[in-house]
Amino acid sequence: MAAGADRPRLVAARTVGASPVAGLGVGWRPEIAGVVAGVTGLGFCEVIAESLDLRHPGRPPAGPSRGVTDLRERGIPVIPHGVRLGLGDAGGVDPGRVAHLAACARALDAPLVSEHVAFVQAGGREAGHLLPVPRTREALDVLVSGVRRTQAELEVPLALEPIAALFDWPEDEYAEGDFLTELLDRTGALLLLDVANVYANARNRGQDPSAVLDRMPLDRVAYVHVAGGAVHPDDPLGLYHDTHLDPVPPAVLALLEEVRERGAAPAVMLERDGRHPPAAELHGELTAIAAAAWLEPVR
Amino acid sequence: MNAGANGPAGDLAARQAALVAALVDGAPDPPGFAADRLAATREALLRKRSGQAATAWPLLAAGLGPDWARFACSVLAGRPVAGALRDGWDVALAARAAGRLTEGARRELADRERVLRYDGVRPPHRRPIARLRGLLRR
């Protein structure tokens, strides 16, 4: 295919500064609510959209949503991050899930929302995980239609996150960067660049992560994810797993520095989904991320 | 699109369904994929599910200690994704059958069974009496 034949915007100035968020952030989870409440100087937070209960908009929320309301009261922008929309589901996105994501954005007065370039269910079964779509023309059409369907209900921009995957489809026609560029070109969506995913995929495919970055549409980055991972001791292939349960490895921070050098790290956040470390350790990771991305550290 | 004899092109829906069935339902791997990578994905999925089940069933997980992941993954392998509550419940029933429930885990299971009914087939649902108590408390 004629990749890049119609991409005049790539010669335009980098759009850093046009991102709807800035600064250092963290993926808010109920387990670290206490720690996050004690951190000053956060530029933004992200919250899992599916964890928000919007059933009683008139009543004060219970559970996780309460902590998220606290963030808004502190004036911290909150980005709803969907994990179950299934933009790449061949059967189409679930209208109820789209409506929920849009309702989250309205309830939080969010500057943008984000979701994954992935599929989550097929044949009436949930995968319970984000699975990669084949990088084919057919899958691209499915994604474009899912993204447009979602954008139609949103009043704010949508950022798309390429996932970490342990396998590729045999029918892949595009390199990941080219596939993504075409998806963003056709939909006008922004990029949520997860440097840990880039690192994991490149390492597990035997590629150079810097070369992978070169082909990514870095001029469309809205914000950046950083997360920890590890090689699982029981994995006979020695693959790197993007677990969100382990510390952020130096190689991922080094890749973040590269992204910053290319002017594509306007806002950066840490994702940690479990085995939460003590507050001091979490602070340490945020400080390391701020240093790598040249952002104001939090206190 | 043409899914013809030339290979797996076309029919994305069927390809996705075959892949999900292979990853979470014990179906055979669809043609063309690297078997070792699908196996690694299957393992990673099971570990993630067992971690979520441990969060929903903390005493059960604590009771099995360092053996939790191996035991839970072996119970969940080949079972459709059903959420942490039900996944953990299946693990709890298997642990009871194997005589491996600690006192804390036994209490955790008993507390759940007081409020919810789970027959191993349909998802856990609230017992009528618990539903009534919930309504009265409102």
Side-chain angles (χ1 to χ4, degrees), chain A residues 29-31 50 84 86 88-92 118-134 136-143 164-173 200 204-205 229-245 273-276, chain B residues 1-3 6-27 29-56 58 61 66 69-70 73 76 79-84 86-87 123 138:
Chain A
R29 305 286 184 269
E31 295 88 348
E50 286 79 0
R84 298 242 187 91
D89 289 6
F119 82 99
V120 299
Q121 59 177 342
R125 282 188 191 82
E126 293 278 342
H129 199 59
L130 300 160
L131 293 176
V133 294
T136 61
R137 168 76 39 191
E138 186 190 12
L140 200 48
D141 289 342
V142 166
L143 280 167
L166 297 175
F167 66 89
D168 289 302
W169 288 70
E171 52 262 61
D172 283 346
E173 298 162 6
N204 292 337
R205 289 173 185 148
V231 175
H232 197 276
D234 295 341
D235 183 348
L237 304 177
L239 297 174
Y240 178 86
H241 295 255
D242 178 57
T243 60
H244 297 194
L245 306 174
D273 291 338
R275 273 193 243 143
H276 296 283
Chain B
M1 299 256 324
N2 178 16
N6 291 335
D11 204 2
L12 183 60
R15 290 278 283 161
Q16 286 185 344
L19 184 63
V20 171
L23 289 176
V24 302
D25 239 358
D29 288 355
F33 288 91
D36 55 355
R37 293 304 188 102
L38 292 192
T41 305
R42 220 169 351 248
E43 285 303 310
L45 263 163
L46 282 173
R47 276 199 296 274
K48 181 178 164 190
R49 279 172 75 182
S50 75
Q52 289 168 343
T55 307
R70 198 199 54 75
C73 287
L76 297 177
R79 284 178 203 243
V81 175
R86 183 169 174 177
D87 277 352
R138 238 168 238 187

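What you see is a predicted model; the values in this text were computed from it and never measured. Protein chains get the first letters and strands the later ones, always in sequence-line order, with residue 1 at the start of each.
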Before you tell me yes or no, could you show the steps for B:Arg37 and A:Leu237 under side-chain contact (heavy atoms from CB on, under 4.5 Å), namely the whole-Å CA-CA distance, both residues' side-chain angles and the distance that decides it to 0.1 Å? CA-CA 8 Å; B:Arg37 293 304 188 102; A:Leu237 304 177; 3.8 Å; yes

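- No side-chain heavy atom of B:Leu12 sits under 4.5 Å from any side-chain heavy atom of A:Phe119.
- The minimum heavy-atom distance linking A:Ala122 with B:Val20 is given by the pair CB-CG2, 4.0 Å.
- Within the 4.5 angstrom heavy-atom criterion, no atom of A:Pro236 approaches chain B.
- Heavy-atom distances place the side chain of B:Arg47, and not its backbone, under 4.5 Å from chain A.
- Between the CG atom in A:Asp273 and the CD atom in B:Gln52 there is a gap of 9.0 Å [rounded to 0.5 Å].
- Heavy atoms only, all atoms of each residue included: A:Ala90 and B:Gln16 are closest at N-OE1, 2.9 Å.
- Between the NE2 atom of A:His244 and the NZ atom of B:Lys48 there is a distance of 9.5 Å, given to the nearest 0.5 Å.
- Of the residues considered (A:Leu239, A:Asp235, A:Leu245), A:Leu239 shows the highest number of contacts with chain B, using heavy-atom pairs under 4.5 Å.
- Between atom CG of residue B:Leu23 and atom NE2 of residue A:His129 there is a gap of 9.0 Å, rounded to the nearest 0.5 Å.
- Heavy atoms closer than 4.5 Å to chain A are found nowhere in B:Glu43, neither backbone nor side chain.
- Taking every heavy atom of both residues into account, A:Gly128 and B:Leu45 meet most closely at O-CD2, 4.0 Å.
- Here the closest heavy-atom approach between residue B:Phe33 and residue A:Asp168 is recorded as CD2-O, 3.6 Å.
- Atom CZ of A:Arg29 has more than 12 heavy atoms from other residues, nucleotides or ligands within 6.0 Å.
- For the set A:His241, A:His232, A:Glu126, the entry with the most heavy-atom pairs within less than 4.5 Å of chain B is A:His232.
- The nearest pair of heavy atoms linking A:Pro170 to B:Pro31 is CG-O, 4.2 Å.
- The parts of B:Ala40 that come within reach of chain A are both its backbone and its side chain, each placing non-hydrogen atoms under 4.5 angstrom from that chain.
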